[in-house]
Amino acid sequence: MIPEPWAAIVNAVIYLLLAPVVGGLIAGIDRRITARMQGRVGPPLLQPFYDVGKLFEKENLVVTTTQNFYVLSYLVFMAVSGALFFSGGDMLLVIFAFTLSHIFLVLGAYAAFSPYSHVGAERELIQIIAYEPMIIITAAGMYMVTKSFYVSDIVQSAVPIVLYLPGVFIGYLIVLTIKLRKSPFDLSTSHHAHQELVKGVTTDFAGPNLAKIEIAHWYEYVFLLGVVYLFFGFNPLLAIAAIIIAYFLEILIDNTTSRVKWQMTLRSAWLVAGTLGIINLGVLYYLRMVIVP
Amino acid sequence: MSYLTKSPWILHYDASSCNGCDIEVLAALTPVYDVERFGIINTGNPKHADIFLVTGSVNEQNREILKNTYDQIPNPKVVIAVGICASSGGIFRECYNVMGGIDKVIPVDVWVPGCAARPESIIDGVVKALGILEEKRKAMKIPAGDTA
Amino acid sequence: MKQEQTIIPIEVGRLIGSVEQFRNEGYRLAQIGCTKVGDNSFEINYSFDKDYVLQNLRITVTAETEVPSITGMYWGAFVYENEMHDLFGIQVKGINIDFKGTFIRTAIRYPFGVSVAKEEKK
Amino acid sequence: MTKQIIVPFGPQHPVLPEPIHLDLVLEDEKVVDVIPSIGYIHRGFEKLVEKREFTEYVFIAERTCGICSFIHGATYCQGIEQIMGIQVPERANYLRTIWSEYSRLHSHLLWLGLYADSFGFENLFMNAWRIRERILDVMEQTTGGRVIQGSCKIGGVRKDISNAKLAEMNRDLDSIKREMEELTTVFLKDDTVIHRTRNVGVISRQDAFHLGAVGPTARGSGVAIDLRKTGYGAYGELDFPVITDSCGDCYSRCLVRCKELFTSVDIIQQAIAKIPDGPVDVKVTGAPNGEFFMRAEQPRGELVHYLKGNGTKFLIRSRIRTPTLTNIPPLVKMLQGCDLADVPVIVLSIDPCISCTER
Amino acid sequence: MGFFEMTKTALRTVLSRPATILYPAQAAKRTPLTRGHIIFDGSKCISCSICQRKCPAQAILLSKEAKSWQIDRFRCVMCSSCVDTCPAKCLSMDPVYTAPASAKGVEVFTITYVKPPKPEKKEEPIQ
Amino acid sequence: MQVSQLLIFLVLFPLIAAFFLLFARKSLERNWIVKLAALAIGAVSLWLLVAGFDKGMMMFGVSGKALDLAMLAIELVIAVYLLWLGLKHKKYSVVILVVIQAALLLWFELAFGHTLVELPNNLFVDQFSIIMAMIIGIIGSLICVYALGYMEIFHEHHKEIVDRQGMFFFILFVFLSAMFGLVFSNNLLWVLFFWEITTLCSFLLIGYSQTTEATNNAFLALAMNMLGGIAFVVALIYLATLDPSGRLLELSTLLKSGYAVAIVPAVLICFAGLTKAAQMPFSSWLVGAMVAPTPVSALLHSSTMVKAGVYIIVRFAPVLTGTTEGLMIALVGGFTFLLTSCMAISQSNAKKVLAYSTIANLGLIVACAGVGTYNLMWVAILLIIFHAIAKSLLFLCVGTVEHRIGSRDIEDMGGLIERMPKMAVMMFIGMAGMFLAPFGMIISKWAAIEAFIQAPFGLIFIIILAFGGSATLFFWSKWMGKIISVMRNQENVEKTVPQDKYTVLWILTALVVIVALIFPLISSVLIEPYIMDVYGYTTRLAEANIIIMLLMLGLLMIMPFSMLFESKTPRIAPPYMGGRTTEGGMKFHGSLGMSRDLVLSNYYLRTYFGEEKLFMVGVLACWGIILIALVMVVGVVL
Ligand code: SF4
Ligand code: SF4
Ligand code: SF4
Ligand code: SF4
Ligand code: SF4
Ligand code: SF4
Ligand code: SF4
Ligand code: SF4
């Protein structure tokens, strides 16, 4: 079902306004918990906002002016894909818009013609191809359970999706680690200095451009966690709890693993996540089509 | 106060120091000192940095690297010379390959004495630099046309 | 407790042969170092270690003497030989990885070498 | 046509606390060629012997490096003592040994942290450095300096440690040991760490020996060189093993260092138990005339201080051959054919110290 | 299992107190031996200039004519060599380190020591 | 003119033009003939669209018997010619195949020639044919115009190659004629005839440069297509044995005749389709065909001829729906899609990448058609349209770039945005058209997922799409990245590109965007009615989604203008080089005191996506599947 247009628009607007706030807070909490896991005090809760505010106060330093365009497009399409998601749109469309936005980020890095950005961009691409299949499988799984690709339908479904899709859920959590740029999969860039790539894909962005990338990340966080919500859509409280637990798990994994290499990332995403997802869907399909036609 | 002072990202460069000061700079990031409390992140990338922490006495080969790196930091920025070597060349002042103090190559805003400079000293130095950073930001704004 | 060490002065011409002998006897190259002992006179010590006993071959050369490289026997010796060239101005022939004076770039040429002594006198 | 990427790695690079440069030639992420260039820290202070009296040169020797500062100072002093035939009081020898081993603890912990950081394990880095702070505290309490201790001088040491303090240090080491056990377990048992270090940067025993590897780099390949066995300081009176491992990869080198942490604790505890009472220095008169190759075991391996004096207050040569310098050729071999992601790990695995390498 | 070896440590640290010293709100770690900065007592200095000679960093400049003793704190490496060698014991090492500054400069002290009259010195051994 | 006349015009006119071209000696004459003919063909194609889009299927009788014989004669002449060539070049496999095919044809004629009645409707046209005709008529003729300029330069660069441009354009136009014939023919004998003509054209054009490599690849292509041709003939013989009157040779009748009758010829003809569409065990011929001049690759080997292969499979899709045989064919397509997408990652030769991507997309179409549900059919047709436009644009761009920079290696295209900005923008749009939302191919991919999930065993294809799709993304993005990376001190070499080429390229670029914009219209006017005719129901994308897509497209188009409104003028700094000093021309101070060039290449991940390894996997898997399908067919026959 297509959602009511006005409701959809209201949701989208709410997302566009609130997601950066929520995303920034998540980032802030993340940094504090991380610090605590390392036996440190950590930065203030609002630190991510300070950072972004700071970046806007800085000079815009670029290698080529086209970088500005790519970064802005990255931000805009990231926001668009999230807005589509929260307005209850078609999951697949959301995924494609999401991919589009990432391509802009990658292109921005390529544009700089710098060794570190370049390697970062290649790795970012490897990451995209690593996680994308799993996300599509997730959408397909949700369709098989709810008979709809529309987020609005999926979220309203009273079916406990996660019970039908446990494999898909675990697979999604694995790719979530990639998406949140957490160790062991923080291949292309990371929050602190990156050991082999300096800053990887964001190396040659400075000031306002970097701020935009950061905001786009916030939009992304909220969207990605929104997908976690869908698995538990039948019970909002449980869903919120699941999001919190999932995120905590991600932080824990981040803090208890070293970064693996790209080969491992690709393999684990395609094989582990893919296999879990595929087996899950296969079983579901079998049950649906063969046992209960 | 601007955001700039709440989120100073640092870049550390070892312009031929003896490591004493470098490891103290690193120590400042670690649990006991934890400068991330002040929003400080060690970026490792000049293009993301606000504060340039330089240790060491600058030798012949480091000069251009130091200068290049400095140029790649977007404005406003401040430079902190950490340790005696960075301030004056210290005990190595008279070596044939030493420039003696990074102010010979790039402008320095804060000097942090010590051999090795202690982490607390480095924190003090950064705090001092924040004030200068704020002034530079204001100075940068004025030509942009605002009344300020 | 005194660490055992001997110094064996030899001719430049016998260097390769002697080094080869050390290598064959299973010695490890511990270091090559150079000392300026006169206006244009340098001692070069090749130190070899086996069972914590240090044997040093010593040749005495001038800046003009061409010293043969021992990288053929000890691949890693290039670091010392490049260093010797960059700091003392000793000519080493046939280094496997020859940095040609860019191993350590110094503000003054051959800071430990002959030319400096002259410059300083002026 | 080969599809290559050239990455200028360093001199300013977050994984390298010190500047060194590598021209990396990559195909995809495979390193097909690597050419190092150094010289960013070369200060040329060996030449300062001509301007500073041999007694003050200790302070310069100490600043060869801020990590094993103490060992540099002590090795220099021992070299001069050998030339001048000075007999140092036993207590001073023990104290030198204790501080040396503390230096090794702090250096290895520091290295473990940086090494963890090189494969992106931030938490491990933080933990290693948190433990290291406890070592530094002891250093500061006993010498007055956290990283540049300045407690050694020709003829002995500048400061004594009271026996009460020694007892306290002994107790403290027990708890530090427990923390280190937990820490090293992660390095040696965690799958993701093993994934990044096993079979990475392999160097055979043969190569390690002939390319001149020393210290843990050599011992990780099964070459048992440990200069402490020559018995300088008080080592001759203490009992400790030379730790080796045979695989020659990054994991082995890490394993050797992890085990050495505990050896060091053991050495310190033995020394504290055996330390005699008495003075800590003797008066030094005259000037050194002669030459000596003083060798000592640094955390990174064999250190050589070659000293030559001519009877004046100014030496005619101080030549410091540091472990990293001789570990560079093995490093170049290790890097051939690795992945880009392995470069920081391999570089770190020899525990490079550029400051003393270039002097 | 070799996976998540770190988990225990991470979970324990997240629940326990951080190791951080909240400097500057909390006082810095300091020991009596800590080498912070040199204190000069002008009333004792006999202007022998040994400190100047023994300072490896050439941070001290003594001027007998001007009766001044100056130290460049941005050169001093806190080695304590001067303290050890000063025959008049007028130098001492204080654990508080020199504060960071945005300008370098030397600190100048005047030497107020007055050489005691000779006879008194002769009496000393008698006392 | 009536619709039937339009059809005949479209088939015959190119042929006439071709003969003129054969004798046009001067390049000026050739220019005019090609341009005018192209204009006419394009215009008439459009006319056909206007005249026929709302009429459903129309059939026309053209007196056939004599024509049939003429065709047979031509086919035999061709066979003799090929035989001669095969012997001359010692290509005995080709010789054997030619002999087999000729023998089968002769036998067919001898056995059934007298029993066959004259078919009432040799020609037909429906919306699907119109779509194909538009692709051939508009894109095909644009490519011909482009080829004029291209071939001039080609011969300037390659003095060693005999200038046979008259021949070249003759073949091109004969080919166009054959393609029109193929899509308008209702008589399977005719289809076969045109089919073989396209094979021949392809063979001749691949071998145009007469180098050893070109000749070998031409024969490879020929051999593989002959295999398909033989299967095609066998299908006809089977049909004739079922009904010696030959009524079943009428495509429209055959398609309605049900599973029992149609499945065997369907599988055989689809097999022919697989060879023509270069599906997996046969994919190598298309990769080899890249030695041909680029317009040939654009015309034959991406936008039209290979489409004939999928065209015929899509035609048979209703027969295949829900059958195991259909599933097998779909699987061949699916594996081809997945594996060739992956293989493209390991390639740096631009034309090879395009070739693999073409094979992959054809594979996807085959997969859709093989499963054959109504909504997948919709997707398949959409894919045909989008792919033809974007891919021909890309081929032509690569051709132009190649002429300027002298290389078709992607690694040499670095910084094209500075060196040839217009080309770069066009390539950029073409690539976006291939894999980015909200352009054509991604719309199709999306629709494909939505359609597959409702289809039996669709799950397999969703997974194939998910993995193959992301591989696609990798190689396009890195190529895009290459052309837009801004290297400094690059000279603009664009000015020398002739105006004609630009016109063609801009039209194609515009088409990529326009078709993405108006695809709902195309769908409702052309595709949906056709699907409706075939299946009785139809599909489309939800309206809200279409609106969102259009909004996104709008947004995408206005984004570049954001560059005009930069609030802060940025400071330009050199890229981060670890502190190393950079000089102009992207050099930096390296070790050993050398000044090194900064070289950046893309990743090719050969250990994972190496060509040989994946190719072996694909060949084995797909041969396996095809054999199973054939065994099943044999089972049906027996
Ligand atoms: S790379 Fe490691 S240290 Fe840096 S941000 Fe990521 S997890 Fe933290
Ligand atoms: S100031 Fe001291 S500790 Fe710092 S780098 Fe210089 S010598 Fe080393
Ligand atoms: S030795 Fe090998 S790696 Fe080195 S330059 Fe030659 S080919 Fe390249
Ligand atoms: S090896 Fe390293 S830590 Fe040890 S003295 Fe040398 S520089 Fe210092
Ligand atoms: S290896 Fe050298 S530079 Fe590095 S810490 Fe040790 S002494 Fe210092
Ligand atoms: S402490 Fe050392 S450096 Fe400082 S003034 Fe005294 S002697 Fe000089
Ligand atoms: S401070 Fe001490 S050493 Fe220096 S001049 Fe005065 S008395 Fe002499
Ligand atoms: S660009 Fe190269 S391949 Fe193309 S025609 Fe010219 S020379 Fe031939």
Side-chain angles (χ1 to χ4, degrees), chain B residues 11-34 36 42-46 52 54-66 68-70 72 83-85 89-100 114-120, chain D residues 10-21 37-48 50-52 56 59-60 62-69 72 106-107 110 113-114 117 122 125-134 136-137 140 145-148 150 353-356 358-359:
Chain B
L11 172 70
H12 161 232
Y13 183 63
D14 170 348
S16 54
S17 94
C18 80
N19 272 351
C21 290
D22 304 288
I23 57 180
E24 292 296 53
V25 168
L26 275 180
L29 303 169
T30 58
V32 173
Y33 299 98
D34 187 28
E36 204 189 350
N42 184 17
T43 65
N45 175 358
F52 193 20
V54 187
T55 56
S57 45
V58 188
N59 76 359
E60 186 60 17
Q61 226 170 307
N62 254 320
R63 274 164 69 176
E64 52 171 5
I65 314 290
L66 189 62
N68 287 341
T69 311
Y70 174 77
Q72 289 196 347
I84 292 300
C85 284
I91 203 162
F92 305 116
R93 279 180 54 239
E94 291 188 324
C95 294
Y96 56 83
N97 215 28
V98 159
M99 311 282 303
C115 181
R118 300 174 58 85
E120 292 96 345
Chain D
Q12 189 276 311
H13 193 289
V15 79
L16 305 167
E18 301 174 272
I20 169 173
H21 169 87
S37 84
I38 63 168
Y40 295 94
I41 317 259
H42 178 71
R43 290 152 290 183
F45 66 75
E46 284 170 345
K47 208 171 166 57
L48 284 183
E50 297 167 11
K51 294 184 187 161
R52 298 279 185 277
E56 271 94 69
F59 301 112
I60 296 169
E62 276 179 338
R63 283 165 177 78
T64 307
C65 163
I67 302 176
C68 25
S69 163
H72 272 294
H106 121 76
S107 173
L110 170 133
L114 293 177
D117 189 60
E122 193 188 11
F125 162 70
M126 292 289 181
N127 263 295
W129 281 56
R130 193 185 55 189
I131 303 172
R132 174 176 164 270
E133 282 294 324
R134 299 185 58 180
L136 291 187
D137 285 350
E140 191 175 0
R146 279 165 54 87
V147 292
I148 306 280
C353 259
I354 312 302
S355 166
C356 64
E358 301 176 359
R359 307 165 306 277

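Note on naming: letters A, B, ... go to the chains in the order of the sequence lines (proteins, then strands), and numbering restarts at 1 for each one.
- Of the two parts of B:Leu29, only the backbone, made up of N, CA, C and O, holds a non-hydrogen atom closer than 4.5 Å to a non-hydrogen atom of chain D.
- Looking at B:Cys115, the atoms closer than 4.5 Å to chain D (heavy atoms on both sides) sit in the backbone and in the side chain alike.
- Nearest heavy atom pair, residue B:Thr30 against residue D:Met126, reads CA-SD, 3.8 Å.
- Here D:Ala128 pairs with D:Leu112, D:Leu183 under the side chain to side chain contact (heavy atoms under 4.5 Å, CB included) rule; sequence neighbours left out.
- Residues passing the salt bridge (charged side-chain N to carboxylate O under 4.0 Å, His left out) test with B:Glu120 are B:Arg118, sequence neighbours excluded.
- With a 4.5 Å cut-off on non-hydrogen atoms, D:Phe125 touches chain B through its side chain but not through its backbone.
- Side chains of B:Pro119 and D:Arg146 form a contact here, defined as non-hydrogen atoms less than 4.5 Å apart.
- Using a 4.5 Å cut-off on side-chain heavy atoms (C-beta onward), B:Asp34 and D:Arg130 make no contact.
- Within the 4.5 angstrom heavy-atom criterion, only side-chain atoms of D:Glu140, from C-beta onward, approach chain B.
- Contact annotation: the side chain of D:Trp129 never approaches that of B:Val32 to less than 4.5 Å [non-hydrogen atoms, C-beta and beyond].
- In plain terms, the two heavy atoms of B:Cys18 and D:Arg63 that are nearest each other are CB-O, 3.1 Å.
- Only the side chain of D:Leu110 comes within less than 4.5 Å of a heavy atom of chain B; its backbone N, CA, C and O stay farther away.
- Only the side chain of B:Ser57 has a heavy atom closer than 4.5 Å to any heavy atom of chain D.
- Put simply, the side chain of D:Leu114 reaches to within 4.5 Å of the side chain of B:Leu26, judged on heavy atoms.
- Put simply, the side chain of B:Asn19 never gets that close to the backbone of D:Ile67: no donor and acceptor are under 3.5 Å apart.
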